[in-house]
Amino acid sequence: MSVYTPVSDAALAAFLADYDLGRPLRLTGISAGVENSNFFLDTEKGSAVLTIFERLPTHEIPYFLDLTEWLGRADIPCPRPISARDGRTLKTLCGKPAAIVQRLPGHSIEGRSPTPEEITLLGRLLARMHRAGRDFPIHRPNPAGPRWWQHTAQRLRGHLCPDDAALIQDELRQQGQSSCQHLPRGVIHADLFPDNVLFSASRITGVIDFYYAGDDLWLYDLAIVANAWCSRPDGHLDHTLSQALWQAYIGERPLVAGEDRCWSPLLRAAALRFWLLRLDAQHFPRAGDLTQCKDPEEYRRILTARREGC
């Protein structure tokens, strides 16, 4: 989440005229994340989150709003969309598609290490979310899958040092030999970092920012979480945390034969994806009022450690 599109008081008032939310009281930009413009919205009737979609094609956005509504009905604590008076959840603000969703209680643990108890809650919730999304009727291929890796690596080629370029090409070659694509799949969050999970009173109260979601391997989603939540500063896994995550997840969704053998290559795939994503954001920055570019070197260290088996 970031702010690329400023919103005037007049534009906000006109936009909210279509909703039963009362007068706007405060609009506060959210700087975390990288994809859309996001704001905390306070009105006479409470608090919500306003999102202006910056890059997603308008016809793709209902997928995400429908998905969070679906998961919310299955007791997954995610921000369900708020409808305008005409029943629509997707409107237009500042010439761009926009939506209002619930603001969930709690706070992220970003800035500190998780506890084994928090990791256990997260592993259980991720498995429940995968099961809940199994019958979601709309399908969307993972937009940041292998084809995107190849395209982004090519786009970055002239901007990288020789060592980084060689490491990426070698990992792409090895990922191209993967035999994991037959594993169980369905809806994945694909971006479940610490800033996208809210905790309160020793429970998870919110899972947010589903705008990378799509269909892919469930174990790949778990690998993304393991890298994001269980990595030490040197890139190596904290085995206490990673084992707590693994045991909690498989306790809710037992693995099928062969899944455990794909754990290592999927950890590497997840590390490659986020290294490429951060390199792309670093070398091709987007203008905005509040933007955040996360350190690519963090995921280079993680990828190197996973290639070493650590």
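The shown structure was predicted, so the numbers you read here are calculated from the model rather than taken from an experiment.
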Aromatic Phe284 / basic Arg155 pairing, under 6.0 angstrom, 45° off normal: yes
For the side chain of Arg301 and the backbone of Pro233, is there at least one donor-acceptor N/O pair under 3.5 Å apart? yes
Expected output: side-chain Thr28 to main-chain Phe39 donor-acceptor under 3.5 Å: no
Carefully, step by step, assess His189 and Phe210 under the rule ring-ring contact (aromatic ring centres under 6.0 Å, His included). CA-CA 6 Å; His189 183 284; Phe210 279 79; 4.6 Å; yes
Donor-acceptor pair, distance only, cut-off 3.5 Å: does the side chain of Arg140 make one with the backbone of Val187? no
Least distance between heavy atoms, Thr115 atom then Leu241 atom: C-CD2, 4.0 Å
Arg103 side-chain N/O to Asp42 backbone N/O, donor-acceptor pair under 3.5 Å: no
Closer than 4.0 angstrom, basic N to acidic O: yes or no for Lys45 and Asp20? no
Parallel under 30°, tilted from 30 to 60°, perpendicular over 60°: which one fits the rings of Trp149 and Tyr220? tilted
Mind checking whether Phe193 and Tyr299 have parallel, tilted or perpendicular rings, split at 30° and 60°? tilted
Ignoring hydrogens and geometry, is there a side-chain-to-backbone donor-acceptor pair from Thr92 to Gly95 under 3.5 Å? no
Whether His283 and His159 hold their rings parallel, tilted or perpendicular, with breakpoints at 30° and 60°: tilted
NZ/NE/NH1/NH2 to OD/OE distance under 4.0 Å, Asp75 and Arg128: no
Determine whether a donor-acceptor pair (N or O, by modelled atom type, separation under 3.5 Å) exists between the side chain of Thr68 and the backbone of Phe64. yes
List, one per line, each side-chain donor-acceptor pair under 3.5 Å for residues 258-267, sequence neighbours excluded.
residue: Glu259; atom: OE1; partner: Arg253; partner atom: NH1; Å: 3.3
residue: Glu259; atom: OE1; partner: Val256; partner atom: N; Å: 2.8
residue: Glu259; atom: OE2; partner: Arg253; partner atom: NH2; Å: 2.8

Any salt bridge linking Arg300 with Asp295? Criterion: basic side-chain nitrogen under 4.0 Å from a carboxylate oxygen. no
Gln150 versus Gln154, side-chain donor and acceptor atoms under 3.5 Å: no
Between Glu117 and Ser202, a side-chain donor and acceptor under 3.5 Å: no
Under a single-linkage definition using a 4.5 Å side-chain heavy-atom cutoff for Ile, Leu, Val, Met, Phe, Trp and Tyr, are Ile138 and Ile76 assigned to the same hydrophobic cluster? yes
Give a yes or no answer on whether the side chain of Asp221 reaches the backbone of Ala190 with a donor-acceptor pair at less than 3.5 Å. yes
Can you see whether Asn36 engages Arg55 through a side-chain donor-acceptor pair at a distance of less than 3.5 angstrom? no
Hey, are Glu297 and Arg278 close enough for a salt bridge, meaning a charged N less than 4.0 Å from a carboxylate O? no
Is the backbone N or O of Pro194 less than 3.5 Å from a side-chain atom of Glu110, with the two atoms forming a donor-acceptor pair by type? no
Hey, is the main chain of Leu90 close enough, under 3.5 Å, to the side chain of Arg88 for a donor-acceptor pair? yes
Non-neighbouring partners of Arg80 that pass salt bridge (Lys or Arg N to Asp or Glu O under 4.0 Å), sequence neighbours left out: Glu69
With Pro79 as partner, the option from Ile100, Asp209, Thr51, Ile208 fulfilling side chain to side chain contact (heavy atoms under 4.5 Å, CB included) is Ile208
Judged by atom type as modelled, is there a donor-acceptor pair below 3.5 Å linking the side chain of Arg268 to the main-chain atoms of Arg306? no
Assess the residue pair Lys91 and Asp86 against the criterion (salt bridge (charged side-chain N to carboxylate O under 4.0 Å, His left out)); give the C-alpha distance rounded to whole Å, side-chain angles, the decisive distance to 0.1 Å, and a yes or no. CA-CA 10 Å; Lys91 308 289 280 185; Asp86 61 6; 2.9 Å; yes
